[in-house]
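Worksheet: the structure to be examined is printed underneath.
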Amino acid sequence: MKKLTLSLIILTIIMNTIPSTAMDITVGANTWYSWWEMEPKDSPDKFEYDPAFLYGPAFAVKFNDDFSLNTVFLYGKYNCDYKVYFETAGWQTIPADVIRYDSDTSLSYRLSNYLKLFLGFKYTGYKFNS
């Protein structure tokens with residue numbers, strides 16, 4: 001019992017001399033109501049989209065008071081009408097579904113209480129299904 005008590009006292013003294021910091025982890029959900037218009041530059045073709053929600057997870061890690069990492073991934077599905085002009089038949093409408101995904105990631109560093117420096121990466125993609 002004396003060895004266990006002595007070991008705990010020594011361990012407590014050692015652990016009190018080592019500075020420790022807490023790391024904050026935040027997990028949540030994000031949503032965004034989105035709509036847009038897209039028209040090809042060199043073509044009379046048109047895309048008409050119904051507005052839709054993008055949704056997905058959000059994740060943040062604060063390593064210490066100076067460094068943090070944040071990421072958000074959004075996914076959504078749009079109904080689309082692709083209007084194509086044919087010389088012989090005129091305007092034709094082709095229904096399609098568009099899947100959109102959007103990812104934002106950033107690493108930030110606090111320079112002062114009022115200023116942060118960050119480096120970010122964004123990836124956006126579309127998948128057309130007709």
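Hydrogens, waters and symmetry mates play no part in the numbers below; they use all other heavy atoms, side chains included.
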### Task
Go through Asn30 and Leu74 one step at a time and tell me if the side chain to side chain contact (heavy atoms under 4.5 Å, CB included) criterion holds.
CA-CA 7 Å; Asn30 196 0; Leu74 297 172; 4.1 Å; yes

### Task
List the steps, then state whether side chain to side chain contact (heavy atoms under 4.5 Å, CB included) holds for Lys122 with Asp102.
CA-CA 7 Å; Lys122 180 172 188 75; Asp102 187 292; 3.0 Å; yes

### Message
Quick one, Tyr101 with Phe73, criterion side chain to side chain contact (heavy atoms under 4.5 Å, CB included). Give me CA distance, side-chain angles, the key distance, then yes/no.
### Response
CA-CA 7 Å; Tyr101 41 93; Phe73 180 79; 3.8 Å; yes

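Closest heavy-atom contact between Lys62 and Ser68: CA-CB, 4.1 Å. In plain terms, the two heavy atoms of Leu111 and Leu117 that are nearest each other are CD1-CB, 4.1 Å. In terms of heavy-atom proximity, Ala60 sits nearest to Asn70 at CB-OD1, 3.1 Å.
In this structure, Phe118 places its CZ atom where only 12 or fewer heavy-atom neighbours from other residues, nucleotides or ligands lie under 6.0 Å away.
By the 4.5 Å heavy-atom criterion applied to side chains, Val61 and Asp24 are not counted as neighbours. For the pair Asp104 and Thr71, the minimum side-chain heavy-atom distance is 4.5 Å or more. Between Arg100 and Thr124 the shortest side-chain heavy-atom distance falls below 4.5 Å.
The cluster map of Ile, Leu, Val, Met, Phe, Trp and Tyr, joined by side-chain heavy atoms under 4.5 Å apart, puts Ile99 and Tyr123 in the same cluster. Side-chain heavy atoms closer than 4.5 Å link hydrophobic residues (I, L, V, M, F, W, Y) into clusters, and following such links, possibly through other members, connects Val27 to Met23. Residues Phe59 and Leu69 share a hydrophobic cluster, clusters being chains of Ile/Leu/Val/Met/Phe/Trp/Tyr side chains in contact below 4.5 Å.
With sequence neighbours excluded, the residues satisfying salt bridge (charged side-chain N to carboxylate O under 4.0 Å, His left out) with Asp66 are Arg110. Taking the ring pair (Phe, Tyr, Trp, His ring centres under 6.0 Å) definition, one finds that Phe67 meets it with Tyr109, sequence neighbours left out.
Once rounded to the nearest 0.5 Å, the distance linking CZ of Phe63 with CD1 of Ile25 reads 8.5 Å. Atoms OH and OH, from Tyr55 and Tyr33 in turn, are 14.5 Å apart once rounded to the nearest 0.5 Å.
Within the structure, every pair that satisfies the side chain to side chain donor-acceptor pair (under 3.5 Å) test and touches residues 72-81, not counting sequence neighbours, is listed here: Ser34-Tyr78.
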